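Since the structure comes first, as structure tokens, the remarks are kept for the end.
The sequence lines fix the lettering, A, B, ..., with proteins before strands; numbering per chain opens at 1. Bear in mind that the values here come from a model prediction, so they are computed numbers and not experimental data.
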There are 4 protein chains.
Amino acid sequence: MAEEKKESIIASALKLFAEKGYHNTKVSDIVKDAGMAQGTFYLYFKSKEDLFRCVAERCLDEIAGALAQGAQEQNAACNPAPMRSMIRRILEIYYSNLTIVNIINQHGAASPEIADISKQFYARMAGQIKDILKHSNAYPGYTEEQLDMTSYAKIGLVEMAAYQWFVERRNGPERIDELTEVLLGINMNCGLNAEGSSGL
Amino acid sequence: MAEEKKESIIASALKLFAEKGYHNTKVSDIVKDAGMAQGTFYLYFKSKEDLFRCVAERCLDEIAGALAQGAQEQNAACNPAPMRSMIRRILEIYYSNLTIVNIINQHGAASPEIADISKQFYARMAGQIKDILKHSNAYPGYTEEQLDMTSYAKIGLVEMAAYQWFVERRNGPERIDELTEVLLGINMNCGLNAEGSSGL
Amino acid sequence: MAEEKKESIIASALKLFAEKGYHNTKVSDIVKDAGMAQGTFYLYFKSKEDLFRCVAERCLDEIAGALAQGAQEQNAACNPAPMRSMIRRILEIYYSNLTIVNIINQHGAASPEIADISKQFYARMAGQIKDILKHSNAYPGYTEEQLDMTSYAKIGLVEMAAYQWFVERRNGPERIDELTEVLLGINMNCGLNAEGSSGL
Amino acid sequence: MAEEKKESIIASALKLFAEKGYHNTKVSDIVKDAGMAQGTFYLYFKSKEDLFRCVAERCLDEIAGALAQGAQEQNAACNPAPMRSMIRRILEIYYSNLTIVNIINQHGAASPEIADISKQFYARMAGQIKDILKHSNAYPGYTEEQLDMTSYAKIGLVEMAAYQWFVERRNGPERIDELTEVLLGINMNCGLNAEGSSGL
DNA sequence: GATGAATGAGAATTCATTCAT
DNA sequence: CATGAATGAATTCTCATTCAT
């Protein structure tokens, strides 16, 4: 039951942070939403900042965990289109976590500890993508650094698309497949056959 | 001299917002950095929020202006590689504005007015990219919506790469060419020739 | 076993009050130290203040009791040096109670009830000393009030010395004899033979 | 005027601490007494504890300063009865500072920084008394440590007498001379001519 | 215009006490 | 008897904004 209370605080915080942002969410809002007294909050968290750390850690861990699990299942199955699966997985997971990921990135700017958590999260995700790139041998001759940049860039691509799709345009999960195909079809050097990515 | 004071406040605010985030930057920090009294601030801005609006508007206008100008010059010159030029331009502009763009996006979550400014900014950028896509006829048969997603996704790709490259890895502008080529070489459907973006 | 629990609370409280003062000792600290649940505390004491009263009363009773007992033994034995014995006894008793006596005096300032307990304690001690002074006829011609002042002053003298000796300089009981002799040798009108305590 | 405000806070704090103790005095009480808003308090002090530090430091410095000044004047005048003057000076100064000195000693228990200030204060006072003892050659053959104890003991004697006289018995300053003579007449080894402070 | 001290509403945090199990 | 999670009133502290000089 102690865990229940803690979970209930985290759930309310997640909801409210996503709705109003970290700074516009008062501790009093959280406990009101969670249906408990203000003092109870401090039985489970040292401070509002401490709660945020927990929320961020758990949220990103969950996402990263889901991604990693998906990756394993695929490798086991000798997945013939790992990039497509990866994109679909990221989209699925982001679907229910986008605003909170944004909040975390926001608040990170002001709190080095959160910045670290978030940095590690992206590093993990980029690592998984880099693995796919290496196995597919799609970018022969690339340095590690260039593969890093490619991986991070792909994350950014999916994140931005997800934000537009789910948050701005309020689409539900039913068209994730279509979005996946659109993203998969993206080629940065579009329609310019006279010149390739010559320099690399 | 009235304008000087205002500029000086904006400059300090830009610096401090980028360093510590909006909420962790106190009005007192800004005026201290700008070397003036606290009351002076309110001669030039109605409130802290008002300052933020100014900073955001100006910053995004600058970026969008530079992008638009670049686009025109290119069209005039019948640029043979518009996507490459676009990416390089975005990278150049982001190089000196990255942190503040982040802050603006962050704060948007908590302030509808800023969210609007930021939304319009991205819409403008996406519009330009969509134009390029249409002219290049790189994505035949795509719906408008699908072209939108493609455009936004490309912005996200460049933004994330820029963030990693300039902020996290502290690179200077001297390797923008190389980064441009890497991004240009990105193909989301990497190494999977058996299946194209079939469904679209 | 009920008594055991109560004693255990008092013991922990004594220790913690001495270490950190009354206000910096939380009820939660006390029960943690005593190894019991927070609620248990209120089975034995009406409130934190009530505990303090008990601690203070018991502590001062113990001291006063030891002093009184010593006094009787001496009178019975026609003690030839009652002041020396008195000082040694006070030192011995203070040795194990000094910090708590301090705490009691401190807290008294803020709590009239405790102030009373402490006042009565000193009054008892001063009374005993006054008796010695009267029997020894050391201050002929003194009014009762002047004898009172003399008695209280002597208590202060011993208290301060004890504090310095035991608390600040961390001496153990092995040098109580030496300290007794030093205190016994104190003459306020030191080295000034031309003038005595003339006016009295 | 900045100084005025600060002084006014300190004055109110001194008064209220003396009346009700540190913990029973709220910041809101202090500012109400000083006639200003709560926020103003924090322009001048980092916290309530910070205020206390200031009050303690200033108060003890003032007392020690007055004592030191008195000491100098006397030396210059080849004072024939330095101990009497010293006692009278301590009594005079304590007369208006007794309760606050008590408060400081109290709070010191819980705050190492205050404990230090208070310790140094007593060390300074004891040093002055030790000088008198040495010059008067009243305790020949004493070790430094024994002289220390004697000095501290004398301070305790005066303090306790002052407390009884001024605080408990509410005497005013008009009988300071009489009290001085009583204290000066104190001889710890009262009425026991058969035995001196033999062992030293 | 410029100042910067003063404001006070609003937020976070503490902790003695209660009470259902 | 014992527990310890829950309470919420009380308190400290923050900071955007105002205003007299």
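- Residue C:Tyr44 places at least one side-chain N or O under 4.0 Å from the OP1 or OP2 atom of F:dA2.
- Shown here, F:dC13 forms a base pair with E:dG10; the pair counts as Watson-Crick or G-U wobble because both key distances fall under 3.5 Å.
- In this structure, D:Lys5 forms no cation-pi arrangement with D:Phe41, as its terminal cationic atom is not both closer than 6.0 Å to the ring centre and no more than 45° off the ring axis.
- Look at CZ on B:Phe52: it is 18 Å from P on F:dC15, rounded to the nearest Å.
- The nucleotide E:dT17 finds its pairing partner in F:dA6, both defining distances of the Watson-Crick or G-U wobble pair being shorter than 3.5 Å.
- We find that CZ of D:Phe41 is positioned 15 Å from P of F:dT11, with the value rounded to whole Å.
- A salt bridge links D:Arg53 with D:Asp50: the closest approach of a Lys/Arg side-chain nitrogen to an acidic carboxylate oxygen falls below 4.0 angstrom.
- Note: CD (B:Gln38) to C1' (F:dT17) measures 9 Å, nearest angstrom.
- In this structure, D:Gly39 and C:Gly35 both approach DNA chain F, and ranking their closest nucleotides by distance from the 5' end singles out C:Gly35.
- If you measure from atom CG of A:Leu43 to atom C1' of E:dT13, you get 12 Å, rounded to the nearest angstrom.
- Here the C1' atom of nucleotide F:dC1 and the CD1 atom of C:Ile9 are 13 Å apart, to the nearest Å.
- Residue B:Val27 has its side chain nearest to F:dA16 when only E:dA16, F:dA16, F:dA2 are considered.
- In this structure, C:Lys48 forms a cation-pi arrangement with C:Tyr22, its terminal cationic atom sitting closer than 6.0 Å to the ring centre and no more than 45° off the ring axis.
- Place A:Thr25 and B:Met36 on DNA chain E by their nearest nucleotides, and B:Met36 ends up nearer the 5' end.
- Nearest to the side chain of B:Ala37, among F:dT17, E:dG4, F:dA2, sits E:dG4.
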Report task. Check the pair B:Glu3 / B:Tyr44 against side chain to side chain donor-acceptor pair (under 3.5 Å), numbers first and verdict last. Result -> CA-CA 9 Å; B:Glu3 270 319 290; B:Tyr44 298 100; over 6 Å; no
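- Of the candidate nucleotides E:dG1, F:dT7, F:dA2, F:dA2 has the atom lying nearest to any side-chain atom of C:Thr40.
- F:dA5 atom C1' lies 15 Å from atom CZ of A:Phe45, rounded to whole Å.
- The nearest heavy atom of DNA chain E to A:Ser28 and to C:Lys48 marks one nucleotide each, and the one closer to the 5' end goes with A:Ser28.
- We find that CG of B:Leu16 is positioned 12 Å from P of F:dA16, with the value rounded to whole Å.
- Atom C1' of F:dT21 sits at a distance of 13 Å from the matching atom of E:dG1, rounded to the whole Å.
- Nearest to the side chain of B:Lys26, among E:dT17, F:dA16, E:dT3, sits F:dA16.
- In this model, the phosphate group of E:dA2 is approached by a side-chain N or O of B:Lys5 to a distance below 4.0 Å at OP1 or OP2.
- For the pair C:Tyr42 OH and F:dA6 C1', the computed distance is 14 Å after rounding to whole Å.
- Salt bridge B:Asp61/B:Arg124: present, at least one basic N to carboxylate O contact under 4.0 Å.
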